[in-house]
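Residue numbers begin at 1 in each chain, while the letters A, B, ... track the order of the sequences. Quick caveat: nothing in here was measured; it's all calculated off a predicted structure.
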There are 2 protein chains.
Amino acid sequence: MTTIRNIAKLAGVSVPTVSRVLNDQRVDPVMTLKVRQAAQSLDYVPNRSAKRLRGVGNPLLGAIFSDLSNQFFTEILKHFEWGVSVQKHSLLMSNSDSKPEKEEELIQVMLEEGVSGLVMAPTLEYSTKIQELIENDFPIVIVDRRMREMEVDTVTINNFEASAKAVCHLGNLGHSEVGYIGGPIHLSSANDRYLGFKEGVMKAGMYCDENWILFGDYKMESGYCLTEKLLSCKDLPSAILVANNEMVVGSLNKIHEEGLRIPHDISIISFDDFPWSISLNPPLTAIAQPTQEIGAKAASLLMDRLVDNTKPPQTLILESNLVVRESCGQGLVKINQKTKRRKI
Amino acid sequence: MTTIRNIAKLAGVSVPTVSRVLNDQRVDPVMTLKVRQAAQSLDYVPNRSAKRLRGVGNPLLGAIFSDLSNQFFTEILKHFEWGVSVQKHSLLMSNSDSKPEKEEELIQVMLEEGVSGLVMAPTLEYSTKIQELIENDFPIVIVDRRMREMEVDTVTINNFEASAKAVCHLGNLGHSEVGYIGGPIHLSSANDRYLGFKEGVMKAGMYCDENWILFGDYKMESGYCLTEKLLSCKDLPSAILVANNEMVVGSLNKIHEEGLRIPHDISIISFDDFPWSISLNPPLTAIAQPTQEIGAKAASLLMDRLVDNTKPPQTLILESNLVVRESCGQGLVKINQKTKRRKI
DNA sequence: TCCCCTACAGAAAACGTTATCTCAAAATGC
DNA sequence: GCATTTTGAGATAACGTTTTCTGTAGGGGA
């Protein structure tokens, strides 16, 4: 490995002079040239660890997401990376696999690596580790979820409202019985979506049997299993709201496996929208979250905080967008047979 | 920030003693205790930059993928991370956005960060930067694609064979005219898939008009546009093979937009398989790549090379799996109207 | 001509660690 | 009981940088 010391030797100058040349500080032109040539010929690669130790050089940022195979998060991450890369930050990413203990470990690793800021989709709505970071004024931005009892920069959508809006949409289409397949209630997003669902049901005067309300873990498998459970009810709702992209895939798969037709036999509406949602059977009506904007805002929030850490934390609530396709009956009232047999 | 120097002061011992305690080396129990307590009370966070500068501590690995919003890559990445995390490596990830110049820049950044190994899905089949790394015996593993003129650890599937197999499947179903929507031919995967397609067509005695062969960039948009172009042909093939997951989404969207029915009007088979492929309209017949195995093997290949860099580079060719669903006619011969009108 | 200021290169210190070296004290062998 | 080995803690150097300090040469003003 070549160091500025080697360069200095080859160029016949002192070490600090090399440093000055490489940092574009004022140095005699002839020396500058010699140093540049030496650096070139030795394939010099600057050592960021050394720079970071000195407290200079490109900052390192960290991203910890609960599920890096969930396209929703990777979209956010991609735009976050775009947002911060204009400033030449390096980005350390990791996957907490929705495990709080792994998350804590990863935070520790990132701190040891010397990140100057973090963006996270945390696994729990409270974490002493994160609380500590905040108390020590460590720059951190939370996406998708809100933390409980913590003042911290946050970028999310209004999950309550979005969920209520979805139910309202079902109501407008004539649905009067609706089920809910939700995420882990200890996450604010899951909780808000559930509360919004209840609110929507109430406002629209719809009915929801308690057996139609099921909570999973935001993963596809639980979407599948919970749908199985739901479909085993004697009476079925005419429509269900599924709380995220992964679960709705499981849910759809189960519904198709059972040979039920959407929306004829059951309607479905979900959170999160992707290009392939259009080509599902049927095209899926969904609440699209602005992943691009979430990522970009998170990046700018974090970069702002890196330069000025005195501002009070902000919570940005972005607009979600109901994308109406064909999985809820295309505006027609569809009541399936089973539901008609329902007593109340 | 607290350093071992602070701890030493508080515990009333020397700096090296603190280091020894924290590295579990033999130290007087009473001192050990004092050091541990001091470290605890000062919220000590080890500094990996300093360790790395000294040449010790957990190694850092780098991952550079051409598209981090492509689920195929994130699946690989996830399993790669699992594979290496058993050894407590840190992982620096980045997205080259399929841009060679960005890729080169990212490699540079990672080298500066001091990664001890790289896993990459490169943007081109040749790169002087990568060539240099290999010549300098830098540990690197390539996934999904093969590099030209380079001896380097590689994990991929047999794209040629898989593609031929797909065409053969179409032939078995009675298709005799087939189109191809491929990726950028400068990538080995895209090239192999194309060659395999041609081979398959020839072997099965099928027909492929030259207007039915279109090349894009593996992105959804080009899948959409190329399908538009294909569908504008006077005569249509009865089936098309689409070369990756992103493009097939665009392709499906376009086909649905045109109101064509799959497989009645046109059959479609693609590379890459995801949970949501089951719920597409219709369920998509696809060549599933073993993303989990690719990631895991890449991890073990890289870790092996980290400990022993003398072994000759290996190329692992993993098995792909044809998943037959309903987008190719479920075993029935389907010839659409338009095709029937074709002259030869 | 002398003095002071400026410009700029080199020397030395520092960032937070760990490894090597030194040395004293304790433990062991005779 | 003395010599020798072992033990283990502290001092020092080193990793690759940058920053501060030091010193020297050259230029300008009196």
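For DNA chain D, no neighbouring residue in residues 32-52 of chain B is found when judged by any heavy atom under 4.0 Å.
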Could you check B:L61 against B:L92 for side-chain contact (heavy atoms from CB on, under 4.5 Å), going step by step and ending with a plain yes or no?
CA-CA 6 Å; B:L61 298 179; B:L92 204 53; over 6 Å; no
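Rounding to whole angstrom units, CZ of residue B:R54 and C1' of D:dC15 are separated by 6 Å. Following rounding to the nearest Å, B:R5 (CZ) and D:dG10 (C1') show an atom-to-atom distance of 13 Å. If you take NZ of A:K9 and C1' of D:dG16, they are 15 Å apart, rounded to a whole angstrom. Straight-line distance from the CE atom of A:M1 to the P atom of D:dC15: 10 Å, rounded to whole Å. Distance B:I4 CD1 to C:dG16 C1': 6 Å, rounded to the nearest Å. A straight line from CG of A:N23 to P of D:dT20 spans 13 Å, rounded to a whole angstrom. Atom CD1 in A:I7 sits about 10 Å away from atom P in D:dT18, given to the nearest Å. Rounded to whole Å, atom C1' of D:dT17 lies 13 Å from atom CG of A:N6.
Although no hydrogens or angles enter the test, the distance criterion places no donor-acceptor pair under 3.5 Å between the side chain of A:S116 and the main chain of A:P59. No donor-acceptor pair closer than 3.5 Å links the side chain of B:K78 to the backbone N or O of B:G295.
At a threshold of 4.5 Å between non-hydrogen side-chain atoms, the residues A:L118 and A:L133 count as touching. In this structure, the side chains of B:M147 and B:I134 stay at 4.5 Å or more apart for every pair of heavy atoms. With contacts defined as side-chain heavy-atom distances shorter than 4.5 Å, the pair A:L77/B:L68 does not qualify. Side-chain contact between A:F72 and A:D67 is absent, with no heavy-atom pair separated by less than 4.5 Å. Between A:P122 and A:I142 the shortest side-chain heavy-atom distance falls below 4.5 Å. You'll find the side chain of B:L124 stays beyond 4.5 Å of the side chain of B:E103, heavy atoms only.
At its two ends the helix from C:dT1-D:dA30 to C:dC30-D:dG1 runs along axes set 50° apart, each axis drawn from five pairs and the angle rounded to 10°.
Checked by atom type, the side-chain pair B:S69/A:Q71 shows no donor-acceptor distance below 3.5 Å. With no hydrogens or angles considered, no side-chain donor-acceptor pair links A:S66 and A:Y218 at under 3.5 Å.
With B:E125 as the partner, the side-chain hydrogen bond (donor to acceptor under 3.5 Å, both in side chains) test is satisfied by one option alone out of B:R148, B:R146, B:H186, B:R145: B:R148.
As judged by a 4.0 angstrom heavy-atom cut-off over every strand, A:S19 is placed among the base-contacting residues.
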Would you tabulate the nitrogen or oxygen pairs shorter than 3.5 Å linking the protein to nucleotides 4-6 of chain C?
none

Could I get a table of every N or O pair under 3.5 Å where one atom is in the protein and the other is in nucleotides 8-12 of chain C?
{"residue": "C:dC8", "atom": "OP1", "partner": "A:R26", "partner atom": "NE", "Å": "3.0"}
{"residue": "C:dC8", "atom": "OP1", "partner": "A:R26", "partner atom": "NH2", "Å": "3.2"}
{"residue": "C:dC8", "atom": "OP2", "partner": "A:R26", "partner atom": "NE", "Å": "3.0"}
{"residue": "C:dA9", "atom": "OP1", "partner": "A:D28", "partner atom": "N", "Å": "2.7"}
{"residue": "C:dG10", "atom": "OP2", "partner": "A:S14", "partner atom": "N", "Å": "3.0"}
{"residue": "C:dG10", "atom": "OP2", "partner": "A:S14", "partner atom": "OG", "Å": "3.1"}
{"residue": "C:dG10", "atom": "OP2", "partner": "A:T17", "partner atom": "OG1", "Å": "2.7"}
{"residue": "C:dG10", "atom": "N7", "partner": "A:R20", "partner atom": "NH2", "Å": "2.7"}

Just the atom pairs and distances: protein N or O near nucleotides 26-28 of chain D's N or O, under 3.5 Å.
none

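No salt bridge links B:D97 with B:K219; every basic N to acidic carboxylate O contact stays at or beyond 4.0 Å. Salt bridge absent: B:K99 and B:D217 never bring a charged side-chain N and a carboxylate O closer than 4.0 Å.
Minimum heavy-atom separation, B:V21 to B:R36: O-NH2, 3.0 Å.
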Which pairs would a plain distance check flag for residues 105-114 of chain A, meaning a side-chain donor or acceptor within less than 3.5 Å of a matching protein atom at least two apart in sequence or in another chain?
{"residue": "A:E105", "atom": "OE2", "partner": "B:K88", "partner atom": "NZ", "Å": "3.0"}
{"residue": "A:Q108", "atom": "OE1", "partner": "A:K129", "partner atom": "NZ", "Å": "2.7"}
{"residue": "A:Q108", "atom": "NE2", "partner": "A:E112", "partner atom": "OE2", "Å": "3.0"}
{"residue": "A:E112", "atom": "OE1", "partner": "B:R48", "partner atom": "NE", "Å": "3.0"}
{"residue": "A:E112", "atom": "OE1", "partner": "B:R48", "partner atom": "NH2", "Å": "3.2"}
{"residue": "A:E113", "atom": "OE1", "partner": "B:R52", "partner atom": "NH1", "Å": "2.9"}
{"residue": "A:E113", "atom": "OE1", "partner": "B:R52", "partner atom": "NH2", "Å": "3.4"}
{"residue": "A:E113", "atom": "OE2", "partner": "B:R52", "partner atom": "NH2", "Å": "2.8"}
{"residue": "A:E113", "atom": "OE2", "partner": "B:S90", "partner atom": "OG", "Å": "2.9"}

